[in-house]
Trainee: 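So that we are looking at the same thing, I have put the structure below in structure tokens.
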Amino acid sequence: MAIRHSSCSRKPCRLRRNAGTLVKEEKGQSTVEFAIVVPLLMLFLIGVINFGIIMFTYLDMNITAQEASRLAGLGKSDSEVIQYVKDHVSVEVQVPISPTEANREPGEYVTVTLTTSLDNLTVLFDQFVSSVNLSAKSTVRVE
């Protein structure tokens, strides 16, 4: 029993000594953790901003498509509808209108579709998704 007691009494001494040296070696630990976490946080932040820009553009296109189809349904010409879209959307869009103004009859439906391709904010995201294709469509009855 004495041997067991003496070996047990040595282990806590070694652990305290080892623990004492570990405390001295932890001086740069928070700096290393900060250096690892900050790039990940920046990547996340840029991703959120990129997603926000995409969603803003999509909502802007959607509202503009609704208003443009309403204008086409009220009898405006295709050129007036396209000009309205270009004045109200912040990106370059393609605006197919179906049917054309010559073929629109009261009681039928007119559809305005807006399409665009958005590039990413950073080159880093181009490795995952090169560009985002957005489309907004609205249909209204011609009056």
Side-chain angles (χ1 to χ4, degrees), residues 4-143:
R4 190 184 254 179
H5 178 66
S6 66
S7 66
C8 289
S9 65
R10 288 182 189 169
K11 286 184 180 177
C13 293
R14 287 181 188 160
L15 290 175
R16 274 189 244 133
R17 194 176 309 135
N18 288 341
T21 57
L22 287 176
V23 171
K24 291 178 185 175
E25 293 174 3
E26 291 180 359
K27 288 182 181 177
Q29 178 183 356
S30 61
T31 306
V32 171
E33 289 174 355
F34 183 74
I36 292 171
V37 169
V38 164
L40 296 174
L41 287 175
M42 293 301 290
L43 183 64
F44 179 73
L45 180 66
I46 291 171
V48 167
I49 292 170
N50 201 16
F51 181 74
I53 290 171
I54 291 169
M55 285 304 297
F56 174 79
T57 305
Y58 172 72
L59 292 174
D60 188 31
M61 287 174 53
N62 197 9
I63 291 170
T64 305
Q66 290 175 4
E67 189 64 24
S69 66
R70 187 184 73 82
L71 291 174
L74 290 175
K76 299 287 182 178
S77 67
D78 286 354
S79 60
E80 290 175 317
V81 172
I82 291 171
Q83 186 60 44
Y84 175 83
V85 169
K86 289 184 179 184
D87 290 342
H88 288 86
V89 175
S90 59
V91 294
E92 200 63 36
V93 294
Q94 297 173 354
V95 189
I97 302 171
S98 173
T100 60
E101 64 182 297
N103 298 330
R104 280 186 221 138
E105 298 290 328
E108 293 182 359
Y109 290 92
V110 62
T111 301
V112 176
T113 305
L114 308 181
T115 56
T116 190
S117 178
L118 286 180
D119 293 330
N120 288 316
L121 217 82
T122 60
V123 178
L124 184 62
F125 287 109
D126 285 340
Q127 296 174 1
F128 305 110
V129 177
S130 59
S131 64
V132 177
N133 296 321
L134 297 178
S135 177
K137 183 187 225 181
S138 181
T139 303
V140 170
R141 187 176 172 155
V142 178
E143 301 204 12

Trainee: Using distance only, find each side-chain donor-acceptor pair of residues 82-91 under 3.5 Å and give its atom names and separation, not counting sequence neighbours.
Mentor:
| unit_1 | atom_1 | unit_2 | atom_2 | d |
| --- | --- | --- | --- | --- |
| Gln83 | NE2 | Asp87 | OD1 | 3.0 |
| His88 | ND1 | Tyr84 | O | 2.9 |

Trainee: Please report, to 0.1 Å, the donor-acceptor pairs under 3.5 Å made by any side chain of residues 59-67, with sequence neighbours excluded.
Mentor:
| unit_1 | atom_1 | unit_2 | atom_2 | d |
| --- | --- | --- | --- | --- |
| Thr64 | OG1 | Asp60 | O | 2.8 |
| Glu67 | OE2 | Arg70 | NE | 3.1 |
| Glu67 | OE2 | Arg70 | NH2 | 2.6 |

Trainee: Considering residues at least two apart in sequence or located in another chain, which fulfil the side-chain hydrogen bond (donor to acceptor under 3.5 Å, both in side chains) criterion with Glu92?
Mentor: none
Trainee: Out of the candidates Val37, Val38, Val32, Ile36, only one should pair with Phe34 under the side-chain contact (heavy atoms from CB on, under 4.5 Å) rule; please name it.
Mentor: Val38
Trainee: Between the side chains of Ser117 and Asn133, does any donor sit under 3.5 Å from an acceptor?
Mentor: yes
Trainee: How would you list, by chain and number, every residue that makes a side-chain hydrogen bond (donor to acceptor under 3.5 Å, both in side chains) with Ser79, sequence neighbours excluded?
Mentor: Ser77
Trainee: To the nearest 0.5 Å, what is the distance between CD1 (Ile97) and OG1 (Thr100)?
Mentor: 9.5 Å
Trainee: To the nearest 0.5 Å, how far apart are CG in Leu118 and CD1 in Ile54?
Mentor: 6.5 Å
Trainee: Which donor-acceptor pairs under 3.5 Å do side chains of residues 104-115 form with protein atoms, sequence neighbours excluded?
Mentor:
| unit_1 | atom_1 | unit_2 | atom_2 | d |
| --- | --- | --- | --- | --- |
| Arg104 | NE | Pro99 | O | 3.2 |
| Arg104 | NH1 | Lys76 | O | 3.2 |
| Arg104 | NH2 | Asp78 | OD1 | 2.1 |
| Thr111 | OG1 | Thr139 | OG1 | 3.0 |
| Thr115 | OG1 | Gln94 | OE1 | 3.4 |

Trainee: Using the test side-chain hydrogen bond (donor to acceptor under 3.5 Å, both in side chains), find all partners of Thr116 that sit at least two apart in sequence or belong to another chain.
Mentor: none
